[in-house]
Amino acid sequence: MDELAGGIRRLTFPLPLGIRHVHCYVLPGPDGWTLVDTGLGLPDASGRWERVLADLDAPVSRIVVTHFHPDHVGGGEDAQALTGATVLQGRRDYEQCLRVWGSEDWSERLADYLRAHGLPQPVADELRQESRTFAPFIRFARDPQLLGEGDEVDGWRVVELPGHADGHICLLRDGVLVAGDHLLGVITPTVGLYPESRPDPLADYQASLRRTIELAPEVALPGHGDAVTDPVTRAHEILEHHERRLDETTAALGPKARNAYEVSVALFGTSLDASGRRFALAETLAHLERLVQEGRAARTGDDRNVSYTAT
């Protein structure tokens, strides 16, 4: 546990895949702590939370979830059970949480969707198995108190900043943005198009980055990596990154139809494992759909076979 400015404490927990850690934050308040995010619901989650709670000098009064991704929402049930705290989550985010993690057929829906965009069958089968393996580690808290733009949580303002997740929320107070995965310092947050999600997540994310610039926080506390000490400059950098990636995606297209999988291979190469290919394909789709909306690409096909061409 690290102590930051303003009495905020940062908790860092290991992750088994991808980025090897996730940060949760504990915010001080007059009636106790506010915990932001809950990590992944790994088998040792209860013991881990018991050790954390023993080091706090006041109770955890409330738990805020920034977004529904497993490493942020997965330990919610454990944290709630041990603290007795009220869980708060964005309204749109909780609806998506139910559609995805509250459904037994999500792995099938996702695999079928990616297959329609060219993902090879063996990779789709790996993703199905991966989803089944990780399902027990996603134990989100049910029936949270729902939050929306402009709500306040113990003096922190709720700001809706969709893109990385459709319903992503952040907390803002006195120049400090508790950012979840909206803003990261070294890597760019993934922005992917998935089944039953908002139709143009990259446009959402670009708008959220511009809003971050307008809000002009002095520091952002991210879900991964070090604190972002110049959030405005970082938001500009990520906007420029996505403009470059849109140009690269356009260059990967031509007059002959290509599916999103083929474009993702041109952009990200061939050496990704199944999980990495899923993220690459979803991110490619987000950029392709942005190009369609900008009139720089055209989409053809049906629900079972989708392809894109340059215009």
query: Are side-chain heavy atoms of Val263 and Leu267 found at a separation under 4.5 Å?
result: yes
So does Gly47 get a backbone contact from the side chain of Asp44, meaning a donor-acceptor N/O pair under 3.5 Å?
no
Val159 meets the side-chain contact (heavy atoms from CB on, under 4.5 Å) criterion, sequence neighbours left out, with Glu149, Arg157, Leu161, Leu172, Arg211, Leu215
Just by modelled atom types, is the Asp37 backbone N or O under 3.5 Å from a matching donor or acceptor in the Tyr25 side chain?
no
Open item on the list: Any salt bridge linking Arg139 with Asp78? Criterion: basic side-chain nitrogen under 4.0 Å from a carboxylate oxygen.
Closed with: yes
(request) With the side chain counted from C-beta on, respond yes when Phe134 and Pro16 share a heavy-atom pair under 4.5 Å apart, and no when they do not. (result) yes
Problem - SB check Glu294 Arg290 (cutoff 4.0 Å) - result: yes
Item to check | Distance-only donor-acceptor check, side chains His21 and Thr12, under 3.5 Å | outcome: no
inquiry  = Count I, L, V, M, F, W, Y as connected when their side-chain heavy atoms are under 4.5 Å apart, and connections chain through other members. Are Leu4 and Leu27 then in the same cluster?
reply    = yes
Q: Taking atom types as modelled, find out whether His182 and Thr212 have a side-chain donor-acceptor pair closer than 3.5 angstrom.
A: yes
I'd like to know whether His69 forms a side chain to side chain donor-acceptor pair (under 3.5 Å) with Asp181, so could you lay out the CA-CA distance, the side-chain angles of the two residues, the decisive distance to 0.1 Å, and finally the verdict.
CA-CA 10 Å; His69 292 166; Asp181 285 354; 4.8 Å; no
| query | Has Glu3 got more than 12 heavy atoms of other residues, nucleotides or ligands less than 6.0 Å from its CD? | reply | yes
Do Trp33 and Pro28 make a side-chain contact, defined as non-hydrogen atoms from C-beta onward lying under 4.5 Å apart?
yes
Closest non-hydrogen contact found for Ala260 with Leu285 is CB-CD2, 3.5 Å
Could you give me the CA-CA distance, side-chain angles and deciding distance for Leu221 and Ile8, then say whether side-chain contact (heavy atoms from CB on, under 4.5 Å) is met?
CA-CA 10 Å; Leu221 305 180; Ile8 296 171; 4.0 Å; yes
Quick one: are Phe68 and Trp101 in side-chain contact, heavy atoms under 4.5 Å? yes
Interatomic distance, CG@Leu114 vs CD@Gln121, rounded to 0.5 Å, equals 11.5 Å
Query raised in the report: So Glu248 and Arg244, salt bridge (charged side-chain N to carboxylate O under 4.0 Å, His left out) or not? Walk me through it.
Result: CA-CA 6 Å; Glu248 292 164 357; Arg244 290 194 300 272; 5.6 Å; no
If you measure from the Lys or Arg side-chain nitrogens to the Asp or Glu carboxylate oxygens, is any gap between Asp247 and Arg296 under 4.0 Å?
-> yes
Donor-acceptor pair, distance only, cut-off 3.5 Å: does the side chain of Ser264 make one with the backbone of Leu281? no
Nearest heavy-atom approach of Ala286 to Pro201 is CB-CG, 4.0 Å
Residues Arg258 and Glu262: closest non-hydrogen pair is CA-OE1, 3.3 Å
- prompt: Hey, does Tyr308 have a side-chain heavy atom less than 4.5 Å from the side chain of Thr249?
  reply: no
- Query: Would you say Asp302's side chain and Arg304's backbone share a donor-acceptor pair under 3.5 angstrom?
  - Reply: yes
Q) Using a distance-only test with no angle check, is there a side-chain donor-acceptor pair under 3.5 angstrom linking Tyr113 and Glu108? A) no
Next on the checklist: Are Leu183 and Ile238 packed together at the side-chain level, in the sense that at least one heavy-atom pair is separated by less than 4.5 angstrom?
Outcome noted: yes
What side-chain donor-acceptor pairs closer than 3.5 Å can you find for residues 80-92, not counting sequence neighbours?
from, atom 1, to, atom 2, distance (Å)
Thr83, OG1, Ala79, O, 2.7
Thr83, OG1, Ala85, N, 3.1
Gln89, NE2, Asp93, OD2, 2.7

Student check: side-chain heavy atoms of Glu196 and Gln96 closer than 4.5 Å
no
Distance col, row Ser307:OG vs Lys256:NZ, nearest 0.5 angstrom, shows 11.0 Å
*Any side-chain donor near an acceptor of the partner, His224 and Asp71, under 3.5 Å*: yes
Would one find more than 12 heavy atoms of other residues, nucleotides or ligands at under 6.0 Å from atom CG of Asp226? no
- Item | Worked verdict on Arg109 versus Asp112 for salt bridge (charged side-chain N to carboxylate O under 4.0 Å, His left out) | CA-CA 5 Å; Arg109 294 182 355 244; Asp112 290 346; over 6 Å; no
- Message: Between His242 and His287, is there a side-chain donor-acceptor contact under 3.5 Å, judged purely by atom types and distance?
- Response: yes
*asked:* Do the side chains of Arg142 and Glu77 get close enough for a salt bridge, i.e. N-O under 4.0 angstrom?
replied: no
All N/O donor-acceptor pairs, side-chain side in residues 186-195, below 3.5 Å, sequence neighbours left out:
none

*asked:* Apply side-chain contact (heavy atoms from CB on, under 4.5 Å) to residues Val64 and Trp156 and explain how you reach the verdict.
replied: CA-CA 11 Å; Val64 176; Trp156 292 80; over 6 Å; no
For the aromatic rings, using the six-membered ring if either is Trp, is the centroid distance between Trp49 and Phe13 under 6.0 Å? yes
In short, Asp55 meets Arg9 closest at the heavy-atom pair O-NH1, 3.4 Å
- Message: Please determine whether a side-chain nitrogen of the Lys or Arg among Arg277 and Glu126 lies less than 4.0 Å from a carboxylate oxygen of the Asp or Glu.
- Response: no
Fill in: Non-hydrogen side-chain atoms of Leu11 and His23 separated by less than 4.5 Å
no
Fill in: Arg62/Asp31 under salt bridge (charged side-chain N to carboxylate O under 4.0 Å, His left out): CA gap, chis, key distance, verdict
CA-CA 10 Å; Arg62 62 195 64 81; Asp31 66 342; 2.6 Å; yes
Legend entry - Short side-chain donor-acceptor distance under 3.5 Å, Ser275 and Asp273: no
